[in-house]
Protein chains: 2
Amino acid sequence: MISSNLDLKNDKPFYLQLAEAIKGRITDNTWRLGMMIPSENELAKEYGISVGTVKKALGVLVQEGVLLRRQGKGTFVASPDFSKSFSRFFRYDWKSGNTVETPGSKVLSIKVIRPDDIISDKLQIDPNQQVFRMKRIRTTQNKPFVIEDIYISCERFRGIETLTLDQRLLYPVYNEKFSTPIIWAEEYLQPESASSEAAEILGIRPNNPVMCVERIAYTHGDLPVEWRRSIGRGDLFRYHIIIR
Amino acid sequence: MISSNLDLKNDKPFYLQLAEAIKGRITDNTWRLGMMIPSENELAKEYGISVGTVKKALGVLVQEGVLLRRQGKGTFVASPDFSKSFSRFFRYDWKSGNTVETPGSKVLSIKVIRPDDIISDKLQIDPNQQVFRMKRIRTTQNKPFVIEDIYISCERFRGIETLTLDQRLLYPVYNEKFSTPIIWAEEYLQPESASSEAAEILGIRPNNPVMCVERIAYTHGDLPVEWRRSIGRGDLFRYHIIIR
DNA sequence: AAGTGGTCTAGACCACCAT
DNA sequence: TGGTGGTCTAGACCACTTT
């Protein structure tokens, strides 16, 4: 076993060093999403530390959402499910007892472009590298309620333009076809008035209120891999957040 | 020492029982915001459990933001600072290198009213109990950018109408004058078009975009104590959120 | 029965803070 | 110097899952 041993000279405690080592094995795809990682006893033996310290390291990663632990079964690399946190933000339950419904989606266009400064900055890529620009609409009950403008690196997502993306969530595609799981994201929200083009697509009147959401989605290593700008119908948009 | 001992028959582990017991002492104001609580050794002795288990209980509460621990000093009841999380949501750094500025505030009116169903429901109070309704504007560089409509229980906040509230943050007042610290809050955001009255106050045109934020603020025991509805100028509003 | 994680103990040693 | 929390050990016993 070629174990990358822990460093006594490092001022970081063992449990944090181990947590980073585990994250490293996930980042480099040694351990993939959903896979079981070695047991507490194996890790303790491999790194030459006590089981208690291993437990502490694993606890940190569970807290961060990187790992899942199941008593009697094992410890697994977590598979973040963004479709859930996405739908949380829509008032699907607004004035109706409807069941939750996954929004439909339709790709309007995918083009290869040179990124402008904002996009290359957000995606942390070289401005000379090309990116895909995808325009997409999302629907509920067959009516468009969100327009999305999505930018991703051509290099990382080479070939995505040949896939069938209609009616699919993108993040599972990123994960399964391009080994790029989305781990976390940040969003910026602001209210705007609908442009005439947006209003026409969304079936509302120009200058009606819309919510503009900018999102940067990150994979392992806090690497940004997608930038998107969404315009949502104001009357269907309700964002819920807990502040602690 | 009248120690409420832990329950072996309870299926909850000791460390969770202890965490709840500590939260109870904070809720009933035995231990107040900012106060130091007994040391690990004292708690272990008092409850008849090992120090390791106490450490685990305290770790849970640190994670929840209830406690703060300082090596060499002690463990303290955390004082949530909402002014910070509030200002996070405004684009004070938008297109300018300005330093962060606490918004000014001016109370337009405080009235005693009977709550409607929505408000008595949100505040979980009897519909026959009276509430204060406060209208307030918040300013930056002496220009209004948010209109607030705030509802609080007359009983809990008896006498607040006699205080000088202009240019003050409300949550420190709740905490210091009424022993009601705000621990957490939930918000609902949606985009709207400015009404003519709102537009006049905010210095924008009717139907310009505004952000509507509804907030329920909770004190200890998840008890709602304030409901507020804010209308913010769309061009000055930018909400930032991290999704994990 | 064997292996997993979950809880708990009773220590040890360290780093930090006050006095 | 004594008290605090932070790290770490080397076990024990339990609950759960799989074979």
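Chain letters run A, B, ... following the sequence lines, proteins first and then strands; every chain starts at 1.
- Shown here are the ring pair (Phe, Tyr, Trp, His ring centres under 6.0 Å) partners of F157(B), two or more places apart in sequence or in another chain: Y174(B), F178(B).
- The interatomic distance linking L68(B) (CG) with dG6(D) (C1') rounds to 16 Å, in whole Å.
- The nearest whole Å value for the distance from the CG atom in L43(B) to the P atom in dT4(D) is 10 Å.
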| task | Take W227(B) and E214(B) through the test side-chain contact (heavy atoms from CB on, under 4.5 Å) and record every step on the way to the result. | result | CA-CA 7 Å; W227(B) 184 83; E214(B) 289 177 21; 3.9 Å; yes
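- Side-chain contact between V66(A) and I183(A) is absent, with no heavy-atom pair separated by less than 4.5 Å.
- Taking atom CZ of residue R69(B) and atom P of nucleotide dT4(D), one finds them 12 Å apart after rounding to whole Å.
- Whole-Å rounding puts the F76(A) CZ to dG5(C) P distance at 8 Å.
- With sequence neighbours left out, K56(B) forms a salt bridge (charged side-chain N to carboxylate O under 4.0 Å, His left out) with no residue at all.
- Within the 4.0 Å cut-off from OP1 or OP2 of dC16(C), not a single side-chain nitrogen or oxygen of R70(B) is found.
- With a 4.5 Å cut-off on side-chain heavy atoms, H220(A) and L33(A) count as touching.
- In this model, the phosphate group of dG5(D) is approached by a side-chain N or O of T75(B) to a distance below 4.0 Å at OP1 or OP2.
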| request: Sugar-phosphate atoms are those with a prime plus P, OP1 and OP2; base atoms are the rest. Using that split, label each nucleotide of nucleotides 7-19 of chain D B, S or - for protein heavy atoms under 4.0 Å, 5' to 3'. | output: BSB-----BBSS-
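- One can place CG of N41(B) at 15 Å from P of dG2(D), the figure rounded to the nearest angstrom.
- Counting to the nearest Å, the P atom of dG5(C) and the CG atom of L61(A) are 13 Å from each other.
- Looking only at side-chain heavy atoms (C-beta outward), L58(B) and R69(B) come within less than 4.5 Å of each other.
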